[in-house]
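Remarks on the structure that follows.
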Amino acid sequence: MLQTPRRARQVAALSLVFGAVLLAGAATGAWGDPGDPPGRASADHAPAAAGLPADPSGRALSEQQAEHLLAAGGDRWGAYYTAQEYAEFSQGLDGRYPGVGLSVGRGEDGVTEVSQVVPAGPAARAGIAPGDRLLRIGPDQADRLPVTEVVARLRGQGDERRAGSEVTLAVRRGDGEVRELRLERVLLDSRQVTAEHLDHGVLRITVRAFTSGVADQVRAALRAPHTGAVLDLRGNSGGLVDEAVGTAGSFLDGGPVGSYQERGGTRELAAPPGGDARTPLVVLVDGGTMSAAELLAGALQDRSRAVVVGSRTFGKGTVQQPSRLADGAVLEMTVGRYHTPAGRSLDGTGLAPDVPATAGEDADALALRVLAGLGTRS
């Protein structure tokens with residue numbers, strides 16, 4: 001399907017919001033509602049003093065005018081939203097959203113692969129499992145679509161963005177069997193953190209998106225006895241920067257997490273003190289790891305707190321500033337980049353893992369081998 005420039009930018013932005021893992025259509029990479037308190041910003045947007053800043057000109061733009069403005073500036077991540085579109089864009093930070101319970105990633109070989117499946121969700125009930133290859137979504141080959149478009153289509157677009165709507169998929173199992181499936185979207189819980197014990201007392205914490213409350217959920221999960229930890233950020237497309245920084249605080253005893261530009265200045269991001277800076281830690285990443293998740297992984301890597309395992313991340317490191325127009329629409333424009341504590345910009349390049357996982361290699365098993373090499377805390 002050919003996309004207009006506006007549609008392409010919206011798909012990219014909305015996928016960072018709704019498609020992080022498609023598990024709940026959970027919003028990531030978005031501002032909160034206009035009444036959100038100061039500092040509630042995402043890894044993709046600079047914070048406003050309170051809610052969204054108004055366009056100082058007080059003007060209203062047509063879609064065509066907004067498109068021209070963005071195209072003239074070459075803004076890849078800028079986007080124009082009607083008031084209703086932006087309300088849907090932002091509400092996902094706290095709610096429940098329709099989806100099929102499926103997370104996908106794009107490997108270095110260009111293959112679109114299932115990375116996570118929600119237990120008891122539509123995809124799980126249909127027998128889809130991690131490692132399956134997504135061949136088609138609707139009539140189109142998944143590998144020929146940007147991963148952001150795949151994400152948006154799985155969640156639903158327009159009238160499809162509701163429980164009860166359907167999406168057709170072609171999936172190839174590990175044994176080579178190709179199945180045509182029709183899945184019905186349902187409302188899924190947006191809880192983004194799960195924890196489980198692996199071998200030898202290792203605790204794996206999976207964070208699917210940095211929505212409200214995630215840092216507290218990670219902190220609570222870490223209270224379980226463990227000798228080592230795996231922080232799984234595969235398929236995590238980012239979210240609220242404060243939640244990512246708070247999550248960093250569970251593994252760092254204070255100190256820098258990164259920085260980003262804000263109104264011509266620089267805002268430094270620092271982890272709260274008191275985190276566990278000793279227990280061996282591996283961070284799992286892949287091509288679906290974006291934005292705030294990349295910032296977190298980069299901070300733990302720069303500060304030698306964790307070994308990053310997996311494949312190169314997506315490379316979304318820019319900051320968008322949204323402005324409310326006179327008619328209630330919202331125009332977002334890129335204003336700067338994020339940097340890791342070592343000053344690295346990951347935009348366009350992504351984060352390279354310390355230990356790459358080869359094609360077809362079990363990343364979970366690799367993470368356990370790396371932890372074994374680091375030693376475990378007794």
Side-chain angles (χ1 to χ4, degrees), residues 20 26 28-29 32 36-47 93-94 191-195 202-234 236-260 262 266-285 289-309 313 317 319 338-344 346 351 354 371 374 377:
T28 62
D36 284 340
R40 182 183 167 91
S42 82
D44 301 290
H45 301 77
L93 289 167
D94 300 302
R191 183 175 177 86
Q192 302 300 331
V193 178
T194 58
V202 173
L203 180 66
R204 178 172 64 191
I205 298 177
T206 301
V207 181
R208 302 184 179 98
F210 289 106
T211 54
S212 181
V214 160
D216 288 340
Q217 294 172 31
V218 171
R219 195 172 300 114
L222 285 168
R223 296 190 186 111
H226 59 282
T227 59
V230 174
L231 179 62
D232 191 347
L233 299 180
R234 291 174 295 179
N236 183 322
S237 66
L240 295 171
V241 66
D242 287 346
E243 297 294 340
V245 172
T247 299
S250 291
F251 304 101
L252 297 167
D253 186 12
V257 175
S259 62
Y260 64 89
E262 178 184 30
T266 300
R267 180 184 174 188
E268 301 292 338
L269 303 170
D276 177 4
R278 295 180 54 249
T279 301
L281 175 65
V282 163
V283 177
L284 279 173
V285 298
T289 304
M290 306 180 190
S291 195
E294 292 178 281
L295 185 69
L296 172 58
L300 296 174
Q301 185 182 58
D302 279 1
R303 297 189 55 189
S304 301
R305 176 61 188 92
V307 177
V308 178
V309 173
T313 62
V319 186
Y338 282 88
H339 293 85
T340 68
R344 293 184 293 166
L346 307 179
L351 180 74
D354 299 305
L371 273 179
L374 294 175
R377 188 182 66 177

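All values reported here derive from a predicted model rather than from experimental measurement.
Counting only N and O atoms by type, the side chains of Thr313 and Glu294 include a donor and acceptor under 3.5 Å apart.
With Asn236 contributing its side chain and Ala293 its backbone, the two residues share no donor-acceptor pair below 3.5 Å. Under a 3.5 Å cut-off, the side chain of Arg219 and the backbone N or O of Gly275 do not form any donor-acceptor pair. In terms of modelled atom types and a separation under 3.5 Å, the side chain of Asp253 and the main chain of Gly274 share a donor-acceptor contact.
Counting heavy atoms from C-beta on, the side chains of Leu300 and Leu252 come closer than 4.5 Å. At a threshold of 4.5 Å between non-hydrogen side-chain atoms, the residues Asp276 and Leu222 do not count as touching. Side-chain atoms of Val285 and Val309, non-hydrogen and from C-beta on, never get closer than 4.5 Å to each other. Contact check for Val230 versus Leu203: no side-chain heavy atoms found under the 4.5 Å cut-off. In this structure, the side chains of Phe210 and Leu233 come closer than 4.5 Å at one or more pairs of heavy atoms. Annotation: side chain of Val241 is in contact with side chain of Leu295 (closest heavy-atom distance under 4.5 Å). Side-chain contact between Val283 and Val307: absent, with no pair of heavy atoms (C-beta onward) separated by less than 4.5 Å.
Residues Asp242 and Arg267 are paired through a salt bridge, judged by an N-O separation under 4.0 Å between the basic side chain and the carboxylate.
Here the CG atom belonging to Leu371 is positioned 7.5 Å from the CG atom belonging to Leu281, to the nearest 0.5 angstrom. Separating the OG atom in Ser259 from the NE2 atom in His339 is a distance of 6.5 Å, to the nearest 0.5 Å. In this structure, Thr206 OG1 and Leu284 CG are separated by 8.5 Å, a value rounded to the nearest 0.5 Å. Atoms CG and OG, on Asp354 and Ser304 in that order, are 8.5 Å from each other to the nearest 0.5 Å. Going from atom OG of Ser250 over to atom CD of Gln217 covers 11.5 Å, rounded to the nearest 0.5 Å.
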**Request:** Please lay out, stage by stage, how Gln192 and Thr211 fare under the test side-chain hydrogen bond (donor to acceptor under 3.5 Å, both in side chains).
**Result:** CA-CA 7 Å; Gln192 302 300 331; Thr211 54; 4.5 Å; no

**Request:** Test Arg204 against His226 for side chain to side chain contact (heavy atoms under 4.5 Å, CB included), laying out the working first.
**Result:** CA-CA 9 Å; Arg204 178 172 64 191; His226 59 282; over 6 Å; no

**Message:** Checking Asp302 against Arg344 for the side chain to side chain contact (heavy atoms under 4.5 Å, CB included) test, could you report, in this order, the C-alpha distance in whole Å, the side-chain angles of both residues, the deciding distance, and whether it holds?
**Reply:** CA-CA 9 Å; Asp302 279 1; Arg344 293 184 293 166; 2.5 Å; yes

**Prompt:** Between Leu351 and Thr340, is a side chain to side chain contact (heavy atoms under 4.5 Å, CB included) present by the stated rule, with each step listed?
**Reply:** CA-CA 10 Å; Leu351 180 74; Thr340 68; 5.7 Å; no

**Item:** Derivation of the side chain to side chain contact (heavy atoms under 4.5 Å, CB included) call for Leu231 and Phe251
**Value:** CA-CA 10 Å; Leu231 179 62; Phe251 304 101; 4.0 Å; yes

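A pairwise comparison of heavy atoms in Val245 and Pro272 identifies O-CD, 3.9 Å as the closest pair. Here the shortest heavy-atom pairing between Ala292 and Gly239 reads CB-N, 3.7 Å. Shown here for Gly238 and Ser291, the closest heavy-atom pair between the two residues is CA-CB, 4.1 Å.
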